[in-house]
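Each chain gets a letter, A, B and so on, in the order the sequences are listed, and its residues count up from 1.
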2 protein chains.
Amino acid sequence: MAVNRKQQIIDAATKSFSLFGYKATTMDQVAKLANVGKGTIYTFFKNKEELFDEIVSTLISEMKEAAEQVIDPQLSFFENVHRALYRILEFRKQHQLAIKLFQEEREMGTPAVQEVIKKLETAIIAYIKQKIEAAIEKGEIRPCDAEITAFLMLKLYVALIFDWEKNHEPLEKEKIAELFELYFLKGLSK
Amino acid sequence: MAVNRKQQIIDAATKSFSLFGYKATTMDQVAKLANVGKGTIYTFFKNKEELFDEIVSTLISEMKEAAEQVIDPQLSFFENVHRALYRILEFRKQHQLAIKLFQEEREMGTPAVQEVIKKLETAIIAYIKQKIEAAIEKGEIRPCDAEITAFLMLKLYVALIFDWEKNHEPLEKEKIAELFELYFLKGLSK
DNA sequence: AAACTGACTAAATGAACAAAATGGTCAAAT
DNA sequence: ATTTGACCATTTTGTTCATTTAGTCAGTTT
């Protein structure tokens with residue numbers, strides 16, 4: 001029992017949140033899973049929500065890292081933003097915890113989960129915004145409101161990847177890249 | 001009592017759906033409001049959902065008409081689509097019944113309401129799609145998948161008008177037109 | 001002494017049951 | 001031929017009460 005108790009708790013909580021979601025995870029369960037007295041959890045975290053927050057912060061970092069890994073400075077701004085957004089949403093589609101969280105938000109509307117999802121969205125937008133600002137700086141694209149543009153790019157990708165599938169056949173990754181280029185890069189004008 | 005009973009029922013139901021939503025409207029209430037026996041309703045409509053459907057179909061027609069009124073054949077495709085989408089969403093924002101329906105969908109997720117909202121969305125997309133096809137035909141814009149484009153244009157407007165407001169100051173109508181032009185017409189390329 | 005624990009408490013949840021309300025029907029009334 | 005509202009099966013709502021849960025803290029362990 002000499003190992004890092006905080007990490008044990010985080011690991012246990014991550015596993016439980018991933019498996020059962022926020023609401024259905026009890027602190028007793030986390031304590032048992034972590035081989036720790038329940039009181040111990042409260043020496044590291046003020047409450048359940050703060051424990052949750054720490055774990056989601058890690059998820060956000062992982063997403064950012066996953067996005068960063070597909071960025072290639074050799075490639076164009078558009079290619080890179082496409083890769084980053086696609087990677088982030090793919091991550092969201094595959095990562096246990098992310099899946100459970102979005103499901104819980106949809107099906108139960110747990111407030112703590114809503115908050116955390118808002119935080120996640122804000123982080124993604126901030127990340128893309130920063131890429132946009134760099135591209136404007138470098139003169140790679142024409143000046144625009146980076147915040148709104150990042151916001152719309154995310155909306156576009158969520159629409160193409162998640163919403164479109166609700167009523168149509170899923171779109172190929174290349175098709176999405178093509179649409180992204182068509183609308184954001186070239187425009188429909190002749 | 002010689003007046004059109006069907007219309008009395010529709011009027012009463014419209015009023016009640018607008019005021020209380022779908023779930024909270026009872027058939028007894030509609031009958032009473034319409035000064036009609038409950039059984040009479042069932043001589044005109046198979047059930048509650050069909051009555052609801054008829055009323056929503058009227059709402060959809062009204063929206064289409066509202067959009068059609070701001071279309072000006074003299075103007076460009078983009079100006080017209082902007083006017084139409086903005087008008088439709090403004091309508092949705094102000095119309096009693098539309099407000100109640102979207103609120104009920106958000107807060108209770110009533111299945112009949114979800115269905116009807118999907119139907120409404122489909123109608124808007126079909127309307128825009130048709131405008132896009134005409135514009136491609138006339139050579140006003142470059143060829144593209146009209147269905148996906150209409151879908152994305154609606155998503156863009158909903159994002160700008162409804163979603164953006166959740167975390168930021170609302171955008172001016174002109175600002176939205178400008179963004180629409182920037183992304184869909186010109187693109188960000190230099 | 002510092003770290004840890006789990007029995008304990010107040011509050012939240014949900015299971016179980018009863019009562020009320022609701023959508024839809026149909027025999028009787030008009 | 002229409003219209004109606006009492007009636008029925010089912011769902012929804014209100015209520016009670018036992019269980020569960022987040023968080024605490026006196027006591028135990030290291």
Side-chain angles (χ1 to χ4, degrees), chain A residues 1-56 100-101 104-105 107-116, chain B residues 1-56 100-101 104-105 107-116:
Chain A
M1 299 292 162
V3 271
N4 190 350
R5 298 178 112 67
K6 188 174 180 185
Q7 197 54 50
Q8 279 174 271
I9 293 165
I10 291 177
D11 290 348
T14 303
K15 189 172 285 181
S16 186
F17 286 140
S18 301
L19 235 45
F20 311 113
Y22 178 78
K23 242 206 98 185
T25 288
T26 70
M27 295 304 262
D28 274 314
Q29 200 180 39
V30 173
K32 201 160 284 175
L33 253 168
N35 277 106
V36 138
K38 187 158 61 145
T40 307
I41 300 177
Y42 290 88
T43 65
F44 294 110
F45 303 95
K46 213 179 84 222
N47 52 38
K48 188 180 177 184
E49 212 161 329
E50 212 169 74
L51 170 60
F52 186 45
D53 248 34
E54 170 129 353
I55 285 167
V56 172
K100 252 290 170 243
L101 257 37
E104 192 170 344
E105 136 109 286
E107 292 173 11
M108 330 186 51
T110 320
V113 174
Q114 290 180 330
E115 255 175 60
V116 131
Chain B
M1 299 290 164
V3 272
N4 190 351
R5 298 179 112 65
K6 187 174 179 184
Q7 196 54 49
Q8 278 175 269
I9 292 164
I10 290 176
D11 290 350
T14 302
K15 190 172 284 180
S16 185
F17 285 140
S18 301
L19 235 45
F20 311 114
Y22 178 77
K23 244 207 97 185
T25 289
T26 70
M27 295 303 263
D28 275 314
Q29 199 181 39
V30 173
K32 202 160 282 174
L33 252 168
N35 275 108
V36 138
K38 188 159 61 148
T40 309
I41 300 177
Y42 289 89
T43 65
F44 294 110
F45 303 96
K46 211 178 84 221
N47 52 38
K48 188 181 178 184
E49 211 161 330
E50 212 170 73
L51 171 60
F52 186 44
D53 247 34
E54 170 129 353
I55 286 168
V56 172
K100 252 290 170 237
L101 257 35
E104 191 170 344
E105 136 109 284
E107 291 173 10
M108 330 187 50
T110 320
V113 174
Q114 290 181 328
E115 255 174 60
V116 131

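A straight line from CE of B:M27 to C1' of D:dT10 spans 16 Å, rounded to a whole angstrom. Counting to the nearest Å, the C1' atom of C:dT22 and the CG atom of B:N47 are 14 Å from each other. Separating the CD1 atom of A:I41 from the P atom of D:dG23 is a distance of 10 Å, rounded to the nearest angstrom. If you take NZ of B:K6 and P of D:dT2, they are 14 Å apart, rounded to a whole angstrom. Rounded to whole Å, atom P of C:dT22 lies 11 Å from atom NZ of B:K32. Separating the NZ atom of B:K38 from the P atom of D:dA6 is a distance of 11 Å, rounded to the nearest angstrom. Put simply, CD on A:E50 is 16 Å from P on D:dA22, counting in whole angstrom units. Counting to the nearest Å, the C1' atom of D:dA22 and the CZ atom of A:F17 are 12 Å from each other.
Looking at the side chain of A:V36, the nearest of the listed nucleotides C:dC8, D:dT4, C:dT5 is C:dT5.
Across all non-hydrogen atoms, the minimal contact from A:A112 to A:Y22 is CB-CE2, 3.6 Å. Nearest heavy atoms, B:A12 versus B:V30: CB-O, 3.7 Å. When all heavy atoms of A:F20 and A:Q29 are compared, the pair lying nearest together is CE1-NE2, 3.7 Å.
When the side-chain nitrogen and oxygen atoms of B:R5 are compared with OP1 and OP2 of D:dA1, none of them lie within a distance under 4.0 Å. OP1 or OP2 of C:dG23 lies within a sub-4.0 Å distance of a side-chain N or O belonging to B:K48.
Ranked by how close their nearest DNA chain D nucleotide is to the 5' end, A:T40 and A:T25 are led by A:T25. Of the residues near DNA chain C, A:K23 and A:G39, the one whose nearest nucleotide (by heavy atom distance) lies more toward the 5' end is A:G39.
Formation of a donor-acceptor pair under 3.5 Å by the A:Q8 side chain with backbone atoms of A:A34 is found in this model.
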